[in-house]
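Keep in mind the model is a prediction, meaning the values are calculated, not measured.
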Amino acid sequence: MTISFGYWTPVFGGWLRNVEDEHTPADFEHLKTIAQYAEQHGFDLTLVPELNLNDIKGDSEPSLDAWTVSAGLAATTERLTILAALRPVYKLPTIVAKEAVTLANISHGRFAINIVSGWWQEEARQYGGTFPEHDDRYARTLEFVKVLKGLWSGPSPFTFHGDYYDYENTWAEPKPEPRIPLYSGGESEIGRNTIAQFADVYVTHGGTVEELRDKIADLNQRRRDKGRGDFEGFGMAGYIIVRDTEEEAQQELDRITSVKPGSKAYDNFQQFVSNSHLNVDIDLRDYSVSNRGLRPGFVGTPEYVADRIIAYERAGVNLLLLQFSPQLEEMQRFSEQVIPLVRQKEAELGLQ
């Protein structure tokens, strides 16, 4: 299979922590326009992130609700897969099971869930979410997924007695047709082991080709150790800068990469690093763009960016979750100038 292109729905008004106005309003009509363009021009999926506060622009700035936006996009698109982020610390698995089946029905089966165990302690304080220690968050996540899958596939009524959730004779109808895929990402030891037990697709922040090759081998081996086959897919975040010349691309990169101590985003950077148990060191330049999107190096001419994408495809990545700024304008540039080159190179290399 050729690599699939996905994009992050900009529910926060963009992805840059030092650019206040990215001409990408946190407004559903604009998000719908982006989605409808995307599915007609080479994109297969959109990831809708879930945070109650605005991680990108600062706590006091607007952000839209992931699952409400997902329902709107499901009803106003025709081909695009809607991948909604979900954090168990804010949800009940019984309610999520019902909501997810409804979204799958609205989208005619174009719905999936990205399970996120959570990292933002201040958000949990403001919104009344639980925020246990790192390892306990993954234990809760695993039990949450067991309830979800039991409600979706097991006989009704459903009974479950666990450490975090307790249900007796719970009816959950209808069942999803087809099944709802589960995506998830995590870098700590317990995160990887937990995700290997339940996820269909592993997703990760941006990394180098070598980091992704090693990560894919490691995660597949963990699945095999648990008696499961390889993951169905591997997705990676990336931020795209495409320009006619390398010099122009570097100028844009320099413009967007600075987060100053004391800025709205700086405290969020500190919390992210301390609560996530990352397996690589990141600095403020990495954090200028969300989800370590600059680390893959998708910055340059169309030919250069296409070659970088092919390198990740050959390493085992089969889904890119891309960010752009301004979102619609740069997506258009990417779909016109880069996607055709990638498809041409895939054909020449026999990757189709």
Side-chain angles (χ1 to χ4, degrees), residues 5-43 45-66 68-70 72-73 76-77 80 82-83 85 206 237-245 247-260 263-266 268-269 284-294 296 298-302 305 320-339:
F5 294 109
Y7 73 94
W8 294 66
T9 290
V11 297
F12 309 122
W15 306 110
L16 304 178
R17 291 187 166 90
N18 72 321
V19 178
E20 290 188 8
D21 183 5
E22 299 181 56
H23 306 287
T24 304
D27 173 81
F28 179 74
E29 283 300 313
H30 189 63
L31 303 186
K32 181 180 73 174
T33 298
I34 292 170
Q36 291 175 341
Y37 175 86
E39 68 176 358
Q40 296 300 322
H41 294 87
F43 289 86
L45 176 149
T46 184
L47 169 56
V48 187
E50 182 189 55
L51 286 173
N52 296 305
L53 296 176
N54 193 323
D55 167 46
I56 308 299
K57 303 300 183 184
D59 295 5
S60 62
E61 299 303 314
S63 64
L64 299 183
D65 174 69
T68 310
V69 168
S70 294
L73 295 181
T76 54
T77 56
L80 200 66
I82 312 300
L83 175 60
Y239 185 86
I240 299 288
I241 298 176
V242 175
R243 295 293 185 269
D244 292 337
T245 68
E247 181 182 20
E248 290 172 316
Q250 287 300 315
Q251 288 174 351
E252 173 65 4
L253 178 62
D254 291 341
R255 183 184 74 87
I256 68 173
T257 50
S258 67
V259 175
K260 299 178 177 63
S263 68
K264 291 180 180 179
Y266 183 75
N268 295 344
F269 166 72
L284 277 172
R285 182 180 174 91
D286 286 325
Y287 199 70
S288 297
V289 169
S290 175
N291 303 98
R292 298 210 299 270
L294 293 174
F298 296 144
V299 178
T301 64
V305 173
L320 290 177
L321 298 165
L322 301 175
Q323 298 171 348
F324 307 85
S325 179
Q327 182 87 18
L328 184 57
E329 176 184 330
E330 294 300 320
M331 282 178 69
Q332 291 170 338
R333 189 196 304 267
F334 180 82
S335 67
E336 292 170 3
Q337 298 183 13
V338 179
I339 293 181

Distance check, rounded to the nearest 0.5 Å: [X] atom [atom1] versus [Y] atom [atom2]?
{"X": "Leu16", "Y": "Thr257", "atom1": "CG", "atom2": "OG1", "value": "10.0 Å"}
{"X": "Leu322", "Y": "Thr46", "atom1": "CG", "atom2": "OG1", "value": "10.5 Å"}
{"X": "Gln337", "Y": "Ile240", "atom1": "CD", "atom2": "CD1", "value": "12.0 Å"}
{"X": "Thr9", "Y": "His30", "atom1": "OG1", "atom2": "NE2", "value": "10.5 Å"}
{"X": "Leu321", "Y": "Asn291", "atom1": "CG", "atom2": "CG", "value": "9.0 Å"}
{"X": "Phe334", "Y": "Leu320", "atom1": "CZ", "atom2": "CG", "value": "7.0 Å"}

**OP:** For Asp65, check side-chain contact (heavy atoms from CB on, under 4.5 Å) against everything at least two apart and list the hits.
**Re:**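 For Asp65 the side-chain contact (heavy atoms from CB on, under 4.5 Å) partners, ignoring immediate neighbours, are Trp67, Thr68.
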Original post:
In this structure, which one of Met331, Glu336, Glu329 forms a side chain to side chain contact (heavy atoms under 4.5 Å, CB included) with Arg333?
Top reply: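 For Arg333, the side chain to side chain contact (heavy atoms under 4.5 Å, CB included) test succeeds with only one of Met331, Glu336, Glu329, which is Glu329.
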Nearest non-hydrogen partners of [X] and [Y], listed with the distance:
{"X": "Ala66", "Y": "Pro49", "result": "CB-O, 3.2 Å"}
{"X": "Val19", "Y": "Lys57", "result": "O-NZ, 2.5 Å"}
{"X": "Leu73", "Y": "Ala35", "result": "CD2-CB, 3.9 Å"}
{"X": "Val242", "Y": "Glu330", "result": "O-OE1, 4.3 Å"}
{"X": "Leu294", "Y": "Val299", "result": "CD2-CG2, 4.4 Å"}
{"X": "Arg17", "Y": "Asp55", "result": "NH2-OD2, 2.7 Å"}

**OP:** Classify the ring geometry between Trp15 and Trp8 as parallel (under 30°), tilted (30 to 60°) or perpendicular (over 60°).
**Re:**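 Perpendicular.
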**OP:** Quick one: list whatever passes side-chain hydrogen bond (donor to acceptor under 3.5 Å, both in side chains) with Ser290, sequence neighbours left out.
**Re:**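 In terms of side-chain hydrogen bond (donor to acceptor under 3.5 Å, both in side chains), with neighbours along the sequence ignored, Ser290 is linked to no residue.
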**OP:** Applying side-chain hydrogen bond (donor to acceptor under 3.5 Å, both in side chains), name anything that partners Gln250, two or more places apart in sequence or on another chain.
**Re:**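 With sequence neighbours excluded, Gln250 shows a side-chain hydrogen bond (donor to acceptor under 3.5 Å, both in side chains) to Glu246, given in chain and number order.
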Does any non-hydrogen side-chain atom of [Y] lie less than 4.5 Å from one of [X]?
{"X": "His23", "Y": "Asp21", "value": "yes"}
{"X": "Ser288", "Y": "Ile256", "value": "no"}
{"X": "Leu80", "Y": "Tyr7", "value": "yes"}
{"X": "Ile82", "Y": "Thr77", "value": "yes"}
{"X": "Thr76", "Y": "Gln36", "value": "yes"}
{"X": "Leu31", "Y": "Val11", "value": "yes"}
{"X": "Leu51", "Y": "Ile56", "value": "no"}
{"X": "Ser335", "Y": "Phe5", "value": "no"}

Partners meeting ring pair (Phe, Tyr, Trp, His ring centres under 6.0 Å) with [X] (sequence neighbours left out):
{"X": "Phe28", "result": "none"}
{"X": "Phe298", "result": "Tyr312"}
{"X": "His41", "result": "Tyr37"}

Original post:
Ignoring hydrogens and geometry, is there a side-chain-to-backbone donor-acceptor pair from Glu61 to Gly58 under 3.5 Å?
Top reply: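 No, because the side chain of Glu61 does not come within donor-acceptor range (under 3.5 Å) of the backbone of Gly58.
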Subject >> Donor-acceptor under 3.5 Å (Asn54 side chain, Phe12 main chain) >> reply: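 Yes: the side chain of Asn54 pairs with the backbone of Phe12.
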